[in-house]
Amino acid sequence: MTSGAPTTPSSPTTPASDVRVRFAPSPTGMFHVGGARSALFNWAVAKRSGGTFVLRIEDTDAARNKPEWTQGILDALAALGMHSQDPTFEGPYFQSQNVELHAEAARRLSEAGRAYYCDCTREDVAARTGNPHSGYDGFCRDRGLAYEPGRALRFRTPDEGETQVVDLIRGNPVFPNDSIEDFVVARGDGSPVFLLANVVDDMDERITHVIRGEEHLPNTPKQQLLWEALGATPPVWAHLPVIVNEKRQKLSKRRDKVALEDYLADGILPEAMVNYLMLLGWAPGNDEEILPFEELVRRFDVADVNTASAFFDVKKLTAFNGEYIRAMGVEDFAAACDPWLHAPRAPWSEEQFDAAAFAAVAPLAQTRVALLSEITNNVDFLFLDEPVHDEQSWAKAMKPPAAELLPDARAALAELEAWEAEPLKETVTAVGEKHGLKLGKAQAPVRVAVTGRTVGLPLFESLEVLGRERTLARVDAAIARLADAAAGTPAE
RNA sequence: GCCCCUAUCGUCUAGUGGCCUAGGACGCCGCCCUCUCACGGCGGUAACGCGGGUUCAAAUCCCGCUGGGGGUACCA
């Protein structure tokens, strides 16, 4: 404020800062795209500020936690670029290893009179208030109950005043204290609940900014009260808008496709997913959207994140993925396709697969796939013994004069000297003209005979790679089928 | 019920009182390119929820309404 005071120099090298953010998932299922976005925003803040990203696994719900889910979280974060080899990354810590600290915090709260023991059941409370949703009525507040197994510890919330939360995204929401019930901080068996454990861990890990989903906003005044009661300065909060489905409900594991792994298995590139997720609720400005993560980070400020919920649009994600695929070098593209070129994802065997043939055709396929998984159908005709039988394609392409054209094409192809794309194209063009067809029409029966489909890679390059022998055999098979159909013996 | 958040094209968003006859992207439609399908190029479609204020001036500020969402557990 004072004029003349030295301002912070803007250094080209990011100075190490005290900013410590965290991502604290619980390992109760497949890793969620919503979680991925929260992690990414935290990661971006840490990167941007030169701070630290702490990963904490909240594994205290023994009944629902499974170790494989924890590994799933680690793998998913790593796939998106957040891994322990990066100096920004700290952890993972496990909440279950901090139970002593949680218990001590509960004890302090109790001893300081900030919390009290309660033996009411839900039914007791509901019977007294007449409303199952009205919250705890404070019945045990001044009964001076000592701890006994079965008695929960409740935090004594202030009766008056209000609690204001400092939130970078939402302004500073104010909650009337009389609307905050005396919530449970430790269960009847002494174990801490989320509200407490989460706060104690954040204090322990010296978290300065809590950036999480909007669904936690109602927890925030309670947690802030806990921070204060425990004698610490609350962090700065930032509540991200929720991600919703087409019905504008929060994405849920039950009804929506939310597992990051599923999208990767479809052939969404991690970079595309990162780019898309960063743009859900935030825009880098300048009318630009497709940007590398480093650039996104450079422009990112959590305070600029939107407040309204955002629809997870798979179509736009897919479009982004197409952009990323087309931007790759051909070799990288081919390498990325690899998992979809072999069993079990591909319907052909290792013996049938021909790497050289794929390499020849990869550049042609690159502009035609938006998901890597689509590569399989684009090149299957090269590796399968017979082309796929797509009956719709057959019906569309094998109308007259296909039955006459195909034998002519077969004959011309058999005599072609150079089995290369250009002469192949000239040959089919000539045959088509003989039947009064332009190339566009004339190529269709040949395409379906050889590849099984009306759509696909450029035909003549495909034939060149397939080879004369296999091409002719397939055309022969199609001619035979057409003849059978004409003779009244249905091929089907 | 109570508490809280929220509202620009179908969708993601730009917009911080005049640059807005509201910009970009996805989607959709048309044209061009073209051996199919894509890619690419060009063009089009389409929005400030409603009602009051404040102001010379409001998508932008205020209030109300309506709509949407989240939370309301001895889950996290």
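In what follows, chains are A, B, ... by sequence order, proteins preceding strands, each numbered from 1. None of the values given here were measured: they were computed from a predicted structure.
Searching all strands for a Watson-Crick or G-U wobble partner of B/rC9 with both distances below 3.5 Å returns nothing. Here B/rG49 sits opposite B/rC65 as a Watson-Crick or G-U wobble pair (both hydrogen-bonding atom distances under 3.5 Å). Pairing for B/rG1 is with B/rU72, a Watson-Crick or G-U wobble pair whose two hydrogen-bonding atom distances lie under 3.5 Å.
With hydrogens and angles left out, the side chain of A/Arg368 and the base of B/rC37 share a donor-acceptor pair within 3.5 Å. Residue-to-nucleotide contacts include no donor-acceptor pair under 3.5 Å from the side chain of A/Glu288 to the base of B/rG24.
Among the heavy atoms of the strands, none lies under 4.0 Å from A/Gly135. Nucleic acid contact class of A/Arg122 (heavy atoms, under 4.0 Å, all strands): sugar-phosphate only.
Both tests do not hold together for A/Lys316 against A/Tyr276: distance to the six-membered ring centre under 6.0 Å, angle to the ring axis within 45°.
Between A/Phe194 and A/His216, the ring centre distance stays below 6.0 Å.
Heavy atoms from other residues, nucleotides or ligands lying under 6.0 Å from NZ of A/Lys438 number 12 at most. In the displayed structure, A/Glu68 atom CD is contacted under 6.0 Å by more than 12 heavy atoms of other residues, nucleotides or ligands.
For the pair A/Arg453 and B/rC37, the criterion of a side-chain N or O lying under 4.0 Å from OP1 or OP2 is not met. Between A/Lys247 and B/rG68, a side-chain N or O to OP1/OP2 separation shorter than 4.0 Å is absent. Contact check, A/Arg187 against B/rA76: a side-chain N or O comes under 4.0 Å of OP1 or OP2.
Residue A/Ser26 places its side chain closer to B/rA76 than to any other of B/rG24, B/rA76, B/rC35.
B/rC19: glycosidic angle beyond 90° from 0, hence anti.
A donor-acceptor contact under 3.5 angstrom links the side chains of A/Asp201 and A/Gln95, judged on distance only.
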**OP:** Tell me, with the steps shown, if A/Asp59 and A/Ser96 meet side-chain hydrogen bond (donor to acceptor under 3.5 Å, both in side chains).
**Re:** CA-CA 6 Å; A/Asp59 58 346; A/Ser96 58; 2.7 Å; yes
**OP:** Show your reasoning for whether side-chain hydrogen bond (donor to acceptor under 3.5 Å, both in side chains) applies to A/Thr220 and A/Arg212.
**Re:** CA-CA 11 Å; A/Thr220 310; A/Arg212 66 219 310 193; 3.3 Å; yes
At a cut-off of 3.5 Å, list every protein nitrogen or oxygen paired with a nitrogen or oxygen from nucleotides 4-11 of chain B, distance to 0.1 Å.
unit_1, atom_1, unit_2, atom_2, d
B/rC5, O2', A/Arg170, NH1, 2.4
B/rC5, O2', A/Glu214, OE2, 2.9
B/rU6, O3', A/Thr307, OG1, 3.4

